[in-house]
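Below is one structure, written out as structure tokens; the observations come after it.
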Amino acid sequence: MKPAKFCFVIHPLSIDDVARYEPGAKGKGAPMIRKIMEWMPAWAAVHVTGVRAPDGRETEGWFVSAPLLPEQMLDFPREDVYNRILRAIEIGVELGAEIAGLGAFTGVVGDGGVTINERSPIPVTTGNSLTISAGIQSLWRGAHEMGVQANEATAVVVGATGSIGAACVRLIAPRVKRLILVARNQTRLRKHFESVRGELPCEASATVDISAAVREAQLILTATSSTQDVIEPEDLQPGAVVCELSLPHDVSRRVATERPDVLVTEGGNMLVPGTPRFERVREPGTDFDLNLPPRTALACMSETMVLALENRLEPYTLGRGIELAKVIEIERLAAKCGFTLAGMRAFDAAITPEKIEATRRAADERRKAIV
Ligand SMILES: NC(=O)c1ccc[n+]([C@@H]2O[C@H](COP(=O)([O-])OP(=O)(O)OC[C@H]3O[C@@H](n4cnc5c(N)ncnc54)[C@H](OP(=O)(O)O)[C@@H]3O)[C@@H](O)[C@H]2O)c1
């Protein structure tokens with residue numbers, strides 16, 4: 001069957017990020033940018049071409065911007081935000097898209113895509129199934145590189161009640177000694193923990209005290225909808241591995257400078273098969289800066305592309321109770337279509353073998369200094 005076409009809703013993750021979308025915004029003050037975004041309609045930002053599976057199947061699509069900042073997505077009236085996201089999907093449909101993905105906070109707001117899908121003319125996915133798969137693979141890769149024995153380790157999932165975090169809890173638990181679930185809302189966390197603790201085959205606990213949990217852990221995965229940093233350098237153990245799925249980032253940039261003994265890795269980046277091109281719609285011939293290395297896309301974008309290549313025109317991932325069977329299936333389909341986990345990266349730079357070696361050495365030194 002012929003591959004379908006896709007659209008994917010994107011939005012700027014910070015004030016600085018706005019200039020990546022609109023270079024003309026550089027130098028304008030934050031209050032003015034926020035104000036402009038209040039009335040700015042959705043627009044087709046990127047034409048994606050050259051996404052080609054090893055068997056020659058090829059898809060194209062569009063990234064359509066619903067130009068709101070993360071905090072605006074959370075603070076504006078829900079219906080207003082839904083309407084902006086739906087308008088972005090309509091633009092995708094006008095261009096030929098048959099399936100839509102929801103990027104970053106467009107998949108977080110409200111009920112995690114359920115209402116958007118009900119109102120959308122084409123099926124919608126959050127892309128969270130492939131994000132979970134990529135995040136878990138990234139966490140184990142980081143543990144391997146840093147020599148952390150998972151079965152003797154304490155792991156923390158921050159955002160453990162969320163769509164991504166709850167599935168990560170179930171996938172991490174069988175491989176670690178101890179798991180700590182962390183979220184912000186105590187009541188929701190307690191209820192969630194009570195409902196899952198019986199299924200978790202390791203020692204498990206839950207807390208809203210992020211700092212205390214992180215101080216216990218060798219392995220940390222973050223998947224929060226926080227617009228502030230949640231992981232601070234002071235809390236991290238020497239040699240800890242932090243897999244960051246959250247967008248915007250929620251690991252303090254201070255970790256990059258203050259903790260050379262800790263491995264932070266962005267967990268949701270994938271290499272796209274073929275000769276992918278991300279071309280600006282308004283300035284044809286110019287590439288859109290995804291803030292990622294060449295040929296690389298986020299796992300949620302990749303899930304949307306895989307569904308298009310496979311002609312699976314269905315609301316694949318929605319809401320907060322993600323089935324692990326879907327995570328396993330999309331991982332298989334992504335591999336079949338030629339998508340692979342991208343190289344390790346954090347704080348806007350690649351993590352080279354030399355960098356890992358230096359991180360391990362710094363961790364050994366810090367451990368010795370503590371004893
Ligand atoms: N890398 C990628 O390819 C990719 C793909 C998709 C999504 N994402 C990102 O992944 C993140 C999670 O998405 P999701 O769909 O799982 O969101 P979600 O279902 O809304 O879950 C968010 C979780 O974060 C927790 N949280 C929010 N603020 C917190 C804070 N300050 N401290 C601790 N926990 C906090 C929430 O707990 P409470 O309910 O207690 O607040 C909840 O457990 C988002 O940042 C999203 O943009 C990344």
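Lys368 has no carboxylate O lying under 4.0 Å from a charged side-chain N of Asp364, or vice versa, which leaves the two without a salt bridge. Between Glu38 and Lys35 a salt bridge is recorded (basic side-chain N to carboxylate O distance below 4.0 Å). A salt bridge is defined here as a Lys NZ or Arg NE, NH1 or NH2 lying under 4.0 Å from an Asp or Glu carboxylate O, and Glu244 with Arg253 meets this definition. Using a 4.0 Å cut-off between charged nitrogen and carboxylate oxygen, Arg215 and Asp235 count as a salt-bridge pair. A salt bridge is defined here as a Lys NZ or Arg NE, NH1 or NH2 lying under 4.0 Å from an Asp or Glu carboxylate O, and Asp287 with Arg280 fails to meet this definition.
The number of heavy atoms from other shown groups lying within 6.0 Å of CD (Gln228) does not exceed 12. Within a 6.0 Å sphere centred on CZ of Arg119, other residues, nucleotides and ligands contribute more than 12 heavy atoms. At most 12 non-hydrogen atoms from other residues, nucleotides or ligands lie less than 6.0 angstrom from CD of Gln186.
Counting heavy atoms from C-beta on, the side chains of Pro273 and Arg52 never come closer than 4.5 Å. Taking 4.5 Å as the limit, some side-chain heavy atom of Leu221 sits within range of a side-chain heavy atom of Leu245. Using a 4.5 Å heavy-atom cutoff, the side chains of Thr161 and Asn185 are not in contact. The shortest distance between side-chain heavy atoms of Arg254 and Glu234 falls below 4.5 Å. Side-chain contact check for Glu203 versus Thr154: every heavy-atom pair is 4.5 Å or farther apart. Contact of the Pro284 side chain with the Glu279 side chain is registered, since non-hydrogen atoms from C-beta on lie closer than 4.5 Å. Using a 4.5 Å heavy-atom cutoff, the side chains of Val156 and Leu219 are not in contact.
With hydrogens and angles disregarded, no donor-acceptor distance shorter than 3.5 Å links the side chain of Thr59 to the backbone of Val51. A donor-acceptor contact shorter than 3.5 Å links the side chain of Asn311 to the backbone of Lys2. Of the possible donor and acceptor atoms, none in the side chain of Ser246 sits under 3.5 Å from a partner among the backbone N and O of His249. A donor-acceptor pair is defined here as one N or O able to donate and one able to accept, closer than 3.5 Å; such a pair exists between the side chain of Ser120 and the backbone of Ile122. Using a distance-only test at 3.5 Å, with no hydrogens or angles considered, no donor-acceptor pair links the side chain of Asn117 to the main chain of Gly113. Counting only distance, with no hydrogens or angles, the side chain of Arg360 and the backbone of Glu145 share a donor-acceptor pair below 3.5 Å. Distance alone, capped at 3.5 Å, places no donor-acceptor pair between the Ser163 side chain and the Arg320 backbone. In this structure, Lys28 contributes its side chain and Gly24 its backbone to a donor-acceptor pair below 3.5 Å. With hydrogens and angles disregarded, a donor-acceptor distance shorter than 3.5 Å links the side chain of Thr304 to the backbone of Cys300.
If you check the side chains of Asn128 and Thr317, you find no donor sitting under 3.5 Å from an acceptor. When only modelled atom types and interatomic distance are considered, Thr296 and Asn269 share no side-chain donor-acceptor pair under 3.5 Å. In this model, a donor atom of one side chain and an acceptor atom of the other lie less than 3.5 Å apart for Thr125 and Glu303.
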Return a table of donor-acceptor pairs under 3.5 angstrom between the side chains of residues 322-344 and protein atoms on other chains or two or more places apart.
{"from": "Lys326", "atom 1": "NZ", "to": "Tyr316", "atom 2": "O", "distance (Å)": "2.9"}
{"from": "Glu329", "atom 1": "OE1", "to": "Arg312", "atom 2": "NH2", "distance (Å)": "3.3"}
{"from": "Glu329", "atom 1": "OE1", "to": "Tyr316", "atom 2": "OH", "distance (Å)": "2.5"}
{"from": "Glu329", "atom 1": "OE2", "to": "Arg312", "atom 2": "NH1", "distance (Å)": "3.2"}
{"from": "Glu329", "atom 1": "OE2", "to": "Arg312", "atom 2": "NH2", "distance (Å)": "3.4"}
{"from": "Glu331", "atom 1": "OE1", "to": "Ser133", "atom 2": "OG", "distance (Å)": "2.8"}
{"from": "Lys336", "atom 1": "NZ", "to": "Glu310", "atom 2": "OE1", "distance (Å)": "3.0"}
{"from": "Lys336", "atom 1": "NZ", "to": "Glu310", "atom 2": "OE2", "distance (Å)": "3.1"}

Indicate every side-chain donor-acceptor pair of residues 87-107 with a distance under 3.5 Å to a residue at least two apart or in another chain.
{"from": "Arg87", "atom 1": "NH1", "to": "Glu90", "atom 2": "OE1", "distance (Å)": "3.1"}
{"from": "Arg87", "atom 1": "NH1", "to": "Glu94", "atom 2": "OE2", "distance (Å)": "3.2"}
{"from": "Glu98", "atom 1": "OE1", "to": "Lys5", "atom 2": "N", "distance (Å)": "2.8"}
{"from": "Thr106", "atom 1": "OG1", "to": "Gly103", "atom 2": "N", "distance (Å)": "2.9"}
{"from": "Thr106", "atom 1": "OG1", "to": "Gly103", "atom 2": "O", "distance (Å)": "2.7"}

Contacts table for residues 345-356: side-chain donor-acceptor under 3.5 angstrom, sequence neighbours left out:
{"from": "Arg345", "atom 1": "NH2", "to": "Asn291", "atom 2": "O", "distance (Å)": "3.1"}
{"from": "Thr352", "atom 1": "OG1", "to": "Glu354", "atom 2": "OE1", "distance (Å)": "3.4"}
{"from": "Thr352", "atom 1": "OG1", "to": "Lys355", "atom 2": "N", "distance (Å)": "3.0"}

ask   = Could you go step by step and tell me if Phe8 and Phe63 meet the ring-ring contact (aromatic ring centres under 6.0 Å, His included) rule?
value = CA-CA 5 Å; Phe8 187 83; Phe63 293 167; 5.8 Å; yes

Verdict with reasoning, Ile220 to Leu236, per side chain to side chain contact (heavy atoms under 4.5 Å, CB included) = CA-CA 9 Å; Ile220 296 141; Leu236 292 159; 3.6 Å; yes

task = May I have the step-by-step check of side chain to side chain contact (heavy atoms under 4.5 Å, CB included) for Leu181 and Leu189, ending in yes or no?
result = CA-CA 8 Å; Leu181 286 66; Leu189 177 65; 4.2 Å; yes

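Contact detail for Gly165 and Val157: the closest heavy-atom pair is O-CG1, 3.7 Å. When all heavy atoms of Ile370 and Pro238 are compared, the pair lying nearest together is CD1-CG, 3.6 Å. Of all non-hydrogen atoms in Ser205 and Phe193, the two that sit nearest each other are CA-CZ, 3.5 Å.
Relative ring orientation between Trp62 and His47 is described as parallel, the plane-to-plane angle staying below 30° on a 0-90° scale split at 30° and 60°.
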